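Read the structure below first, then the notes.
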Amino acid sequence: MKDAIRAGLPMPAAVAAAMLIVWAIAGSGWALAVLAGGALAIVAYHLVNIQRLTDWARGPLDADVPQGTGAWSDAFAALHRRARTRNAYQRDLRLVIERFRGAAEAMPDGVVALDDGNRIKWANPRAVEQLGLDLAKDRNQPIVNMVRTPEFLAYMESGRFGASILMRAPANHDRILSVQLVPFAVAEKLLLSRDVTEVEAVATMRRDFIANVSHELKTPLTVISGFVETLQDLDLDARQRDRFLQLMREQAASMQRLVQDLLTLSALESEHNPLAEETFAIVPLLLQVSADAKGLSHGAHAIELDVRDAAIVTGGRDELGSAFSNLVSNAVRYTPAGGRITLGWRIGPDGRGIFSVTDTGIGIGPEHLPRLTERFYRVDRSRSRATGGTGLGLAIVKHVLLRHQADLDIASEPGKGSTFSVRLPAARVRQGPDTGEILPAAAGESAAAGPVP
Ligand code: ADP
């Protein structure tokens, strides 16, 4: 027998028993009255429970199931079990949705969910920021009304979503976004956006670099091949031939310098070329750089070395030497004959080692200063070429200094001259006597020491 029927039997059975007892004692009239009263009580009991069930079903979803008695206790208990299972299921579902939303919000890329009419249903904070959306106002608006860049409109119009497109971020025109539409379910779509500004900048730099190198190599090559043809075709006298050969040699030397600088740069950038952490006295290195400068100048400039403090430096001796030489070579090349060039070295009050090159040369306009260390950036292209410049000198300096955690400071005034200062971190510099024989007599350890000729 079913549980509910079994549980519901005692009440009618009790009424029937009461009716029979009353019949035996008081006759059929009273027995009928007991039967009617009992039936009414049973109907009232069921009506009350039906009302409780209706109230519960109409109430809030999480309302407790009422407690029942008799036939209703099993029914309410079964409902109670069902409600508990449903609540647990909903809780799990809510957790999954919350976790999914949390993951979508934490994504470094933008995500916008679109419905079948390309209307915005949801967007994560990154998409809001990149696409300039305001979910409070833009929800349910067509995406093409909110993102109006021509590339994006053409993409949406095309209906070809197999590849991504690049476009300027609507909210910030300095940033470049890669955007792709990914259809899912029946007609819904996800719009994915990624900020690729840095990646694009690297790609542009690489393209520019290759174009620059090709151009730099093409010029001397064209000159050389022109001279070769002339030498082959024309019957030149010995003096003319020597002149042409000399010019070809200069062009070949310029190509050699360029290739050498490119190799130096790539070695400086290579992960497989860690910095040699040597400990060396700075003064001998400065004397060597100063001697090289004098050789380069051929006596056209007054070159001074002003060493204020003897010091021991930790780093790559050859690398720092090449960076210092590049600065000194620039000073010689961009200072007209008769000018003055001063190489200085001192330890600042903060313990940093400062190497400076001051010239009385052509100087540099302030608009060029931020770009000077870019590869192939030149203020005066023809002067750079005429003096054997590759346009890579300051890029090499920048890389060497980066490897030493050092800074380059440039102060310059057109027509007056420039000062390039290298600041080595205090951790790389130790004030201390150089070995006696290499410390120049005039360069003492005190700040009062004068320039070294
Ligand atoms: P380059 O081989 O052309 O000298 P660099 O990278 O060494 O290349 O320098 C970049 C540019 O900075 C030069 O072309 C020049 O215009 C400018 N420059 C560098 N040093 C000086 C200086 N001491 N005085 C004036 N201009 C300079």
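All residue numbers in this chain count up from 1 along the given sequence. Note that this is a predicted model, so its numbers are computed, not measured. Whatever order the structure lists ligands and atoms in, that order sets their numbers, starting from 1.
Between the side chains of Asn124 and Glu105, not a single donor N or O lies within less than 3.5 Å of an accepting N or O. Thr390 and Asp261 are linked by a side-chain donor-acceptor pair at a separation below 3.5 angstrom, with hydrogens and angles left out of the test. Defined by atom type and a distance below 3.5 Å, a donor-acceptor pair is missing between the side-chain atoms of Thr314 and Glu277.
In terms of protein heavy atoms, atom 21 (C) of ligand 1 is closest to Tyr334 CD1, 3.5 Å. In terms of protein heavy-atom proximity, atom 16 (O) of ligand 1 is nearest to Val379 N, 3.0 Å. Protein heavy atom at the shortest distance from atom 19 (C) of ligand 1 is Asn330 ND2, 3.5 Å. With respect to atom 6 (O) of ligand 1, the closest heavy atom belonging to the protein is Leu394 N, 2.8 Å. Scanning the protein for heavy atoms near atom 3 (O) of ligand 1, the closest one is Ser384 OG, 2.5 Å. From the protein, the heavy atom lying nearest to atom 12 (O) of ligand 1 is Leu372 CD2, 3.3 Å.
Crowding of Lys121 atom NZ: a count of heavy atoms from other residues, nucleotides or ligands under 6.0 Å exceeding 12. Other residues, nucleotides and ligands contribute more than 12 heavy atoms inside 6.0 Å of the CZ atom of Arg317.
Taking 4.0 Å as the cut-off, Asp380 counts as a neighbour of ligand 1 on heavy-atom distance. For Arg333, the closest heavy-atom approach to ligand 1 falls below 4.0 Å.
In this structure, Arg160 is not positioned above the aromatic face of Tyr155 in the sense of NZ or CZ being under 6.0 Å from the six-membered ring centre and within 45° of the axis.
Atom CD1 of residue Ile396 and atom CD of residue Glu319 lie 10.5 Å apart, to the nearest 0.5 angstrom.
Glu129 and Arg126 are joined by a salt bridge, as a carboxylate oxygen and a charged side-chain nitrogen come within less than 4.0 angstrom of each other. Between Glu216 and Arg257, no side-chain nitrogen of the basic residue sits less than 4.0 Å from a carboxylate oxygen of the acidic one, so the salt-bridge criterion is not met.
For ligand 1 and Asp359, the ligand atoms under 4.0 Å from any heavy atom of the residue are 22 (C), 23 (N). Of all atoms in ligand 1, listed by their number and element, those nearer than 4.0 Å to a heavy atom of Gly389 are 2 (O). Atoms of ligand 1 found under 4.0 Å from any heavy atom of Thr390 (numbered from 1 in listed order, with element): 2 (O).
The backbone of Tyr377, and not its side chain, has at least one atom closer than 4.0 Å to an atom of ligand 1 (non-hydrogen atoms only; backbone = N, CA, C, O). Of all the heavy atoms of Ile364, the ones lying under 4.0 Å from any atom of ligand 1 belong exclusively to the side chain.
Counting only non-hydrogen atoms, the option in Ser418, Gly393, Gly391, Gly365 that gets closest to atom 2 (O) of ligand 1 is Gly391.
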